[in-house]
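In listed order, ligands and their atoms are each counted from 1.
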Amino acid sequence: MTAMEVEALLNGLSRLPDVQADNLHAFDATDRLLLQTAADLLGPDTNVAVIGDRYGALTLGALAGLGVGQVRVNQDLFTGRLALRRNAASAGLEGRFTEHQLDRELLHDAGLVLLQLPKSLAELDEIADAVARFAAPHAVLLAGGRVKHMSLGMNAVLERYFSSVQPQLARQKSRVIVSRDPKEAPAELPFPVVESLPELGITVCAHGAAFSGARLDIGTRYLLTFMDRMPAARQAVDLGCGTGILATMYALGNPDARVVATDQSAAAVASAKATAAANGLEGRVEVIHDDAMSTFDSGSAELILLNPPFHLGASVHAGAALKLFQAAARVLAPGGELWTVYNSHLQYRAALERHIGPTVEEGRNPKFTVTRSRKI
Ligand SMILES: C[S@@+](CC[C@H](N)C(=O)[O-])C[C@H]1O[C@@H](n2cnc3c(N)ncnc32)[C@H](O)[C@@H]1O
């Protein structure tokens, strides 16, 4: 493909099925800079792995623009995986990449790894460990991000795993950090982190990308204080489960309930599975990787618990929460309840009324509001 054709491919990428909006894009200057930097480092036989591709720009850009024959890909988000498949099909590049967990299969023999830097240092830590542990000894990791979202802490994390860490000059407000010479990895995998939460009497397991790590979020803590007012449901869902604390607590308090925990993040799903198992709930809490319960039957849940996200990627965007309210409206059975906790300034009540049904405020503290919405 010519440079113009690659540019046309990038411009034609779609975010679907992720939330779409004018200020949200399917690729950014970091993708372009990572691809340009990679072009100088590729040999004819270099194996390429891509981590954190948002909607396929890195994978498809490497295949179409850099002449790479086959790419191994790891994406945390369910929506990102669907978007990559969809964009690959439109570009006629399906079958040219394979999807993997963050593991040896993804990285073995990889000489070049392209990474869109994640938001959290813990997520970067888990990725850097995997690259240093599993990739080829001569592997080069190109980690790119928007300058405003990058911190010196990222360099420090990379320096724990690589002997050479060199931030490059910024271009169009993006920067690439080049890491080489992987250090010897510690014998034990650093993730998932396992912590006991004495205040709840449970153990929590967290992979790097899981919301709030192995700690209890203060919004979640507040929602949990309403547990004994919630109905005893036969089918309950922890929507956007993160490490699965809500699912675990509900399953422990309601031994007859079938509890499903679901999240768009693979790291959250792996964490929630590990948390359920650590609390003796294997087989009692089912954990599903999905986008907004897209694979759930309509009218199948009597209760949904939700501490909604308020970020889409790096931007604060109400669309992420609204999407989950709409999903809850579809999946709740008539008479079923959605219990939500949110920052009081967000004023979600009108949207909950509109999408689900009658909504009452069950409680409010200086920071958070908890509502119960009844599906009519
Ligand atoms: C504020 S966190 C709450 C995590 C967990 N329930 C807790 O209380 O600690 C929101 C979670 O929603 C997930 N999420 C965001 N959008 C989602 C979507 N469209 N489908 C499924 N999960 C989603 C995020 O990955 C994140 O784990």
Side-chain angles (χ1 to χ4, degrees), residues 15-20 24 52 54 75-83 118-120 122-123 192-193 195 197 199-200 202 204-227 236-251 259-276 285 287-296 301 303-331 338-343 346 348 367-368 370:
R15 294 169 52 95
L16 282 174
D18 204 353
V19 177
Q20 309 230 81
L24 299 171
R54 306 271 158 80
Q75 292 169 289
D76 185 52
L77 296 186
F78 192 81
T79 38
R81 295 181 186 189
L82 296 183
K119 269 186 295 182
S120 80
E123 186 172 357
V193 173
E195 296 282 348
L197 281 186
E199 75 173 287
L200 300 182
I202 64 169
V204 179
C205 306
H207 284 274
F211 168 79
S212 183
R215 293 171 302 278
L216 178 61
D217 170 64
I218 49 174
T220 308
R221 175 187 284 133
Y222 189 49
L223 181 56
L224 283 170
T225 63
F226 296 85
M227 207 62 129
V237 178
D238 176 354
L239 173 56
C241 61
T243 55
I245 291 177
L246 291 170
T248 295
M249 293 304 288
Y250 191 82
V259 181
V260 180
T262 182
D263 204 290
Q264 64 172 355
S265 153
V269 166
S271 306
K273 278 186 188 160
T275 298
V285 175
V287 189
I288 298 178
H289 194 205
D290 195 356
D291 171 35
M293 301 187 291
S294 68
T295 58
F296 289 42
L303 174 66
I304 297 180
L305 309 180
L306 175 62
N307 176 0
F310 51 90
H311 285 98
L312 273 178
S315 38
V316 176
H317 199 284
L322 296 183
K323 179 170 175 173
L324 297 189
F325 298 164
Q326 285 161 355
R330 184 184 69 77
V331 171
L338 170 69
W339 285 70
T340 313
V341 61
Y342 53 87
N343 249 291
L346 288 168
Y348 280 150
K367 223 169 158 190
F368 295 103
V370 167

- Consider ligand 1: state whether an atom of it lies below 4.0 angstrom from any non-hydrogen atom of D290.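 Yes, that is the case, since the closest heavy atom of the residue is under 4.0 Å from the ligand.
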Quick check against the 3.5 Å criterion: does S120 have a side-chain atom that pairs as donor or acceptor with the backbone of A209?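 Checked: no pair found.
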- Query: Under the 3.5 angstrom rule, does the side chain of D291 hit a backbone N or O of Q264 as a donor-acceptor pair?
  - Reply: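 No.
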Kindly confirm or rule out an N or O of [X] lying under 3.5 angstrom from an N or O of ligand 1.
{"X": "D263", "value": "yes"}
{"X": "T220", "value": "yes"}
{"X": "Q264", "value": "yes"}
{"X": "L246", "value": "no"}

*Going by the angle between their ring planes, with limits at 30° and 60°, are F325 and Y348 parallel, tilted or perpendicular?*
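Taking Y348 first and then F325, their aromatic rings stand perpendicular (interplane angle over 60°).
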Could you name the option among [options] that has the heavy atom nearest to [atom]?
{"atom": "atom 11 (C) of ligand 1", "options": "P17, A268, G240, A206", "value": "G240"}
{"atom": "atom 5 (C) of ligand 1", "options": "G213, A209, C241, A320", "value": "C241"}
{"atom": "atom 19 (N) of ligand 1", "options": "D291, T79, L216", "value": "D291"}

**Message:** Tell me the contacting part of L324 for ligand 1: side chain, backbone, both, or neither, using a 4.0 Å heavy-atom threshold, strictly below.
**Reply:**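 Side chain only; the backbone of L324 stays clear of ligand 1.
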request  = Answer with side chain, backbone, both or neither: which part of P308 has a heavy atom less than 4.0 angstrom from an atom of ligand 1?
outcome  =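 Near ligand 1, P308 shows its backbone, while the atoms from C-beta on stay back.
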With no hydrogens and no angle check, just 3.5 Å: does a side-chain donor-acceptor pair link T220 and N307?
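Side-chain D/A pair, T220 to N307: present.
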